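Residue numbers start from 1 in every chain, and the chains themselves are labelled A, B, ... in the order their sequence lines are given, proteins ahead of strands. Just so we're clear, the structure is a prediction, and the values are computed from it rather than from any experiment.
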2 protein chains.
Amino acid sequence: MAKTGKPPATQDKLDFPRPLTMVDVVIFAVMESRLQVLLVKRPDAPGEPYPGLWALPGGFVDVDRDESLEACARRKLREKAGVEAPYLEQLGSWGGVSRDPRGWSATHVYFALIPSEHVMPQKGANAAEAAWFTLQEFDGRSRLAFDHMEIMQAAVTRLRNKVEYTSLPAYLLPEEFTLSELQRMYEVVMERPIEKSAFRTRVLSSGLVEPVRKMREGPNRPAQLYRLADPVHPVVFTRTIKTRTD
Amino acid sequence: MAKTGKPPATQDKLDFPRPLTMVDVVIFAVMESRLQVLLVKRPDAPGEPYPGLWALPGGFVDVDRDESLEACARRKLREKAGVEAPYLEQLGSWGGVSRDPRGWSATHVYFALIPSEHVMPQKGANAAEAAWFTLQEFDGRSRLAFDHMEIMQAAVTRLRNKVEYTSLPAYLLPEEFTLSELQRMYEVVMERPIEKSAFRTRVLSSGLVEPVRKMREGPNRPAQLYRLADPVHPVVFTRTIKTRTD
DNA sequence: GTAATAGTGTCTATGAGACAATATCGT
DNA sequence: ACGATATTGTCTCATAGACACTATTAC
């Protein structure tokens, strides 16, 4: 920030054109053993760009209602997905002259992980059409509105990178879960199997989880249920889960 | 982005108040074996917030001159530090009602690493007062304008985290450097000594650097000079440099 | 020779990866 | 007992960390 930039040196220093400011959210959940993203359909109303195309849930910052960018993101999350996400992190921002036909715009993008249990009645509060898409559905053909394809890819990349050395997949599960279920979340996100024994040692010795006095019953040996020891702070491991063979 | 938010449902859908949009840059360099940050002094002119306080270099996005956020950041970098940074990454964005007395504002923050050789004639192009500060100078007492203290801390945290598993410190050096010099950069950023032998193995086996047919001469045994094998892409290691003892 | 820094080697500890063995449930 | 999944154990390998040793320059 600092001093006024180059804009017209009028008497009123704030009297120069301002970019549009928005917030978008990339919401991930795992359903049917697949990583999925929530998208909403662009309205057909006149003046609306990219009518009928799928887009990330989001919208303009409302200077009267939104205290901050993150508060705005949480509002979008509530409105579009009807959830309080257990994990929300800022992904980055995208801005420029050409990304929105309505003019110079900048969007602040957040990415959220939610347990599929929290998944919504499929319609956002404002009745906008919303749907979950697996990542495979974007191989080339389908287009998204604005630069949302690029943003979504960035979000997936970030998630896939972080999975290698953090506990993020835990936020895709309900409060209580077994180690096998946690392992499955890792495998879905990484799209490759991981070794059971090593995984258990890694998780248990990290202090990531603590056992609850309950078992998951089934048609086989019951499994110990765990919950996050510190649900607020993800764990960062000092090694990636598998030596990369770049 | 997507549909217009809650703002006044006028005929013209874009006719609602827009936040101020800016870009700030946290510029790091190592000088005198210390990690330092470039700051500029806020002007004393009437209407300018935080007059006389130190702030991150930055300013409003100029919708006529700036193609994109990153282009805007590079412009600030040129104007305030007079450099093309060999490393520039987006740090995040900060936005809300209260961070700037002039109204709802959002800043897009980048962080840059530059070799101290590139360091400037001390005055920005626009004659604004600029100076380098060591991080120690911010222990409590000194205040920065806006939320720039918080932003700077976030930048330092990001850098310190990434040093553990990336080659970022290489961008604090000139094109050609010795392994000892590289190690010194790591040590300055991490604020702890690291082991020579392990460091050399790590660096050499990673393909991070390649030798040039030159040596650094001195009052002792000459050292092999290296340069980055791929100056564009930082290397990501699969292990942190030292097991954290949290 | 000495001082100073560059560069190598050796040994240990940690934790990942592969794979096998054992445990405990419902039926 | 059988099927299925949970849980543990054993062995190997890669690499970080500690520390010592050797190498090459200027003086």
Donor-acceptor contacts under 3.5 Å from residues 27-37 of chain A side chains, at least two apart:
residue: A/Arg34; atom: NH1; partner: A/Gln136; partner atom: OE1; Å: 3.2
residue: A/Gln36; atom: NE2; partner: A/Met31; partner atom: O; Å: 3.1

How long is the line joining [atom1] of [X] and [atom2] of [N], in whole Å?
{"X": "B/Tyr165", "N": "D/dA16", "atom1": "OH", "atom2": "P", "result": "16 Å"}
{"X": "B/Phe237", "N": "D/dA14", "atom1": "CZ", "atom2": "P", "result": "18 Å"}
{"X": "B/Phe199", "N": "D/dT15", "atom1": "CZ", "atom2": "P", "result": "16 Å"}
{"X": "A/Arg239", "N": "D/dG17", "atom1": "CZ", "atom2": "P", "result": "10 Å"}
{"X": "B/Ile241", "N": "D/dA18", "atom1": "CD1", "atom2": "P", "result": "11 Å"}
{"X": "B/Ile194", "N": "D/dA18", "atom1": "CD1", "atom2": "P", "result": "11 Å"}
{"X": "B/Glu164", "N": "D/dA16", "atom1": "CD", "atom2": "C1'", "result": "13 Å"}

Exercise. How does protein reach along nucleotides 1-9 of chain D, written 5' to 3' as B (base within reach of a heavy atom under 4.0 Å), S (only sugar-phosphate), or - (no contact)?
Worked result: --BBBBBBB

Seminar exercise, completed: Comparing nearest nucleotides in DNA chain C, the 5'-proximal residue of the pair A/Ser205, A/Glu217 is A/Ser205

Exercise. Is the distance from OP1 or OP2 of C/dG15 to the nearest side-chain N or O of A/Arg202 less than 4.0 Å?
Worked result: no

For this session: Please name all residues satisfying side chain to side chain contact (heavy atoms under 4.5 Å, CB included) with B/Glu84, sequence neighbours left out, ordered by chain then number.
Result: B/Arg78

Exercise. Can you name the side chain to side chain contact (heavy atoms under 4.5 Å, CB included) partners of A/Glu217, sequence neighbours left out?
Worked result: A/Met215, A/Pro222

Problem set entry | Whether B/Phe133 and B/Phe138 hold their rings parallel, tilted or perpendicular, with breakpoints at 30° and 60° | tilted

Exercise. For residues 198-212 of chain A, which residue pairs qualify under side-chain hydrogen bond (donor to acceptor under 3.5 Å, both in side chains), counting only residues two or more places apart or in two chains?
Worked result: A/Glu210-A/Arg227

For this session: Among residues two or more places apart or on two chains, list those pairs meeting salt bridge (charged side-chain N to carboxylate O under 4.0 Å, His left out) that have a residue in residues 148-162 of chain A.
Result: A/Glu89-A/Arg158, A/Glu89-A/Lys162, A/Arg160-A/Glu191

